[in-house]
Protein chains: 2
Amino acid sequence: MAGKREQNREQNRLALIGAVLDSVAEKGISETSVSEIIQRAGLSRGMIHLHFGGKDNLVQAAAHHSSEEYYDGLEALLQTAGDSPQERIEMIVRGDLSERVLNQRNVNIWYAFRGESRNRTAIAEHSDTRDGRLRGMIHNAFSRIVREAGTPDASGAARDATHGTLALLEGMWTDFLLHPDRFDRKEAARIIFRFLAAMFPAHFSLAGAIRPQQGQGAAPAAPAASDS
Amino acid sequence: MAGKREQNREQNRLALIGAVLDSVAEKGISETSVSEIIQRAGLSRGMIHLHFGGKDNLVQAAAHHSSEEYYDGLEALLQTAGDSPQERIEMIVRGDLSERVLNQRNVNIWYAFRGESRNRTAIAEHSDTRDGRLRGMIHNAFSRIVREAGTPDASGAARDATHGTLALLEGMWTDFLLHPDRFDRKEAARIIFRFLAAMFPAHFSLAGAIRPQQGQGAAPAAPAASDS
DNA sequence: TTAGAAAATGGACAATCGTCCATCAAAATC
DNA sequence: GATTTTGATGGACGATTGTCCATTTTCTAA
């Protein structure tokens, strides 16, 4: 077992990272000073230098941690999904729009880091990483759909669907950032599935319900109030 | 005539705003200090307090200026477009993705301010304003399209199309922010028009060309290399 | 129980931040 | 040309920034 010593050490490391994320979410990056961080963490001034070698490294570690958390959550969600590509995509979309992932805190953190990513190279990388992994997951699913459907321009269609879905999700996050009060998760999901249903009518319907083996295009406009 | 006095005054005001935007685009908000600003503007330290009463007000004015510039550009573009709603929407989409609007500098500025908008109330407002005006323009056009087409759920379709188009544009901007090198304007436009063609096959085609009075769905995949 | 090692503390430190004002320069008015 | 008015200057100022280290505290191993 890890000694009490190392255990405390790790605990303090995480306390610092958590303090940074809390501060960034509440006050923004520009007001996240060393004083603010150590006050939130309830630790002494020297801890930052001791554990991370400097504030910049700590902020970078916090960005990385936040990114991992986001992605791990999405992956966990994916494992509860079925094997069909439709199910996987629907799970990603709904997961990315769920309250657990898309909430005030995460959005604030995400956009704060994005805004600074121009300079801090390391922070930009964490955005890239997330982006890359997520893109891969979605693209895999669409590739399977396209292959099954025998679409003419297969690779192009899968790429466009991936690109479009990601762009729509990004746009919805921005929407949430700017209008957290009037944001409507169901509406956001509906619009994305409208896009997917238009591209793959045999696999998605407007209501967002999966239609595994049928080929109809039209669907009732009334959404079933089944999820949060 | 404005006296030489007032003329210089205004010129210096703009120089300060320009210096802020340059610095934000190049170095980011956190490195945009008073010293940095006055050095870029080639003016003296006291000017910021004299003209704006403080750094925060200057930054806010710069954000406002940038927003106005963006929007005026888009409006000017719109006036060169025809009256048909399809033309107006296509103009907005292509304009928003054009090099004049969507470029490294503007993206950096835009996302830097977004990242800090959580705290600086005034900066958040400028995002809201832009968003509101743009949304209104797009929604008007889609409302007309929906009315002409006699779509069943008219208001819902127009709202969804507006929301989806805006979200896609936002997503494309994010894409550009994260991957300025491999970003492809034509691909971005194609995906958005794919979405629009799916929703309104009588008004938009996949290639992005407007089809004013026809009702066909399929279109050649080869895009005409006509715009930047 | 003691000696050693490692972690944590908190203040000193130089550097930089944004604000403000006494002073100066120049345009406008008489 | 003399005087008033106003924009512009740049350094002084206190506050705050992040870094770092001498010291203390705490856990571990002998």
Side-chain angles (χ1 to χ4, degrees), chain A residues 1-24 26-63 112-113 116 119-123, chain B residues 1-24 26-63 112-113 116 119-123:
Chain A
M1 289 305 93
K4 192 174 179 182
R5 199 159 207 124
E6 192 178 346
Q7 193 174 335
N8 260 25
R9 187 183 156 88
E10 187 58 20
Q11 182 179 322
N12 287 338
R13 244 188 76 99
L14 290 178
L16 285 174
I17 288 178
V20 169
L21 294 178
D22 285 345
S23 175
V24 167
E26 282 180 38
K27 308 250 188 131
I29 275 200
S30 67
E31 303 214 21
T32 298
S33 63
V34 167
S35 303
E36 178 76 27
I37 295 166
I38 56 110
Q39 186 183 339
R40 282 176 186 267
L43 296 172
S44 64
R45 205 163 184 72
M47 291 292 271
I48 291 176
H49 180 256
L50 177 66
H51 282 290
F52 297 93
K55 187 200 169 192
D56 280 1
N57 289 340
L58 167 56
V59 171
Q60 172 183 342
F113 284 141
E116 281 290 281
N119 318 320
R120 324 266 174 173
T121 316
I123 292 185
Chain B
M1 287 296 94
K4 192 174 180 183
R5 199 153 206 131
E6 193 179 345
Q7 194 174 336
N8 260 26
R9 187 185 155 88
E10 187 58 20
Q11 182 179 322
N12 286 337
R13 244 188 76 98
L14 290 178
L16 285 174
I17 288 178
V20 168
L21 294 179
D22 285 346
S23 175
V24 167
E26 281 181 38
K27 309 250 187 129
I29 275 201
S30 67
E31 303 213 22
T32 298
S33 62
V34 167
S35 303
E36 178 76 28
I37 295 166
I38 57 112
Q39 187 182 338
R40 282 176 186 267
L43 296 173
S44 64
R45 207 165 183 69
M47 291 291 270
I48 291 176
H49 180 254
L50 178 66
H51 282 290
F52 298 92
K55 187 200 169 191
D56 281 0
N57 290 340
L58 166 57
V59 171
Q60 172 183 341
F113 284 141
E116 282 288 281
N119 318 318
R120 323 267 173 173
T121 315
I123 292 184

I need the minimum non-hydrogen distance between B:Ala112 and B:Ile29, along with the two atoms involved. O-CD1, 3.7 Å
Using side-chain heavy atoms (C-beta onward) and a distance below 4.5 Å, is B:Glu26 in contact with B:Glu36? no
CD1 (B:Ile37) and CD1 (B:Ile48) are apart, to the nearest 0.5 Å, by 4.5 Å
Answer whether the closest heavy-atom distance between the side chains of A:Val59 and A:Phe113 falls below 4.5 Å. yes
Indicate yes or no: at least one non-hydrogen side-chain atom of B:Arg9 is less than 4.5 angstrom from one of B:His51. yes
Under 4.0 Å: is that the gap between some side-chain N or O of A:Ser44 and OP1 or OP2 of C:dT9? yes
Got a sec? Which of residues 9-17 of chain A come in under 4.0 Å of DNA chain D, heavy atoms? none
Measure from CD on A:Gln7 to P on C:dA8 and round the result to the nearest Å. 12 Å
The complete set of salt bridge (charged side-chain N to carboxylate O under 4.0 Å, His left out) pairs with one or both residues in residues 53-63 of chain A, sequence neighbours excluded, reads A:Asp56-A:Arg120
Measure from CD1 on A:Ile38 to P on D:dT16 and round the result to the nearest Å. 14 Å
Please tell me if A:His51 has a side-chain N or O lying less than 4.0 Å from either OP1 or OP2 of C:dA7. no
Interatomic spacing from CG in B:Leu58 to CZ in B:Phe52 - rounded to 0.5 Å: 5.0 Å
Between D:dT6, D:dT28, D:dA8, which one does the side chain of B:Arg5 approach most closely? D:dT6
For DNA chain C, the dot-bracket pattern of Watson-Crick and G-U pairs whose distances stay under 3.5 Å, | for other-strand partners: ||..||||||||||||||||||||||||||
Applying salt bridge (charged side-chain N to carboxylate O under 4.0 Å, His left out), name anything that partners A:Arg45, two or more places apart in sequence or on another chain. none
Where along nucleotides 17-22 of chain C does protein come under 4.0 Å, by heavy atom, of base (B) or sugar-phosphate alone (S), with - for untouched nucleotides? SBBB--
Write down the atom of B:Ala62, the atom of B:Ile17, and the distance for their closest heavy-atom approach. CA-CG2, 3.8 Å
Integer-rounded Å distance: D:dT17 P and A:Ile37 CD1: 10 Å
B:Glu6 CD to D:dG7 P, in whole Å, measures 9 Å
Could you tell me the separation between the CD atom of B:Gln39 and the P atom of C:dT16, rounded to a whole number of Å? 13 Å
Tell me: CG of B:Leu43 to C1' of D:dG7, nearest whole Å? 11 Å
Between B:Ala41 and B:Ala15, the two heavy atoms sitting closest are CB-O, 3.9 Å
Summary of salt bridge (charged side-chain N to carboxylate O under 4.0 Å, His left out) pairs that have at least one residue in residues 10-24 of chain A, sequence neighbours excluded: A:Asp22-A:Arg105
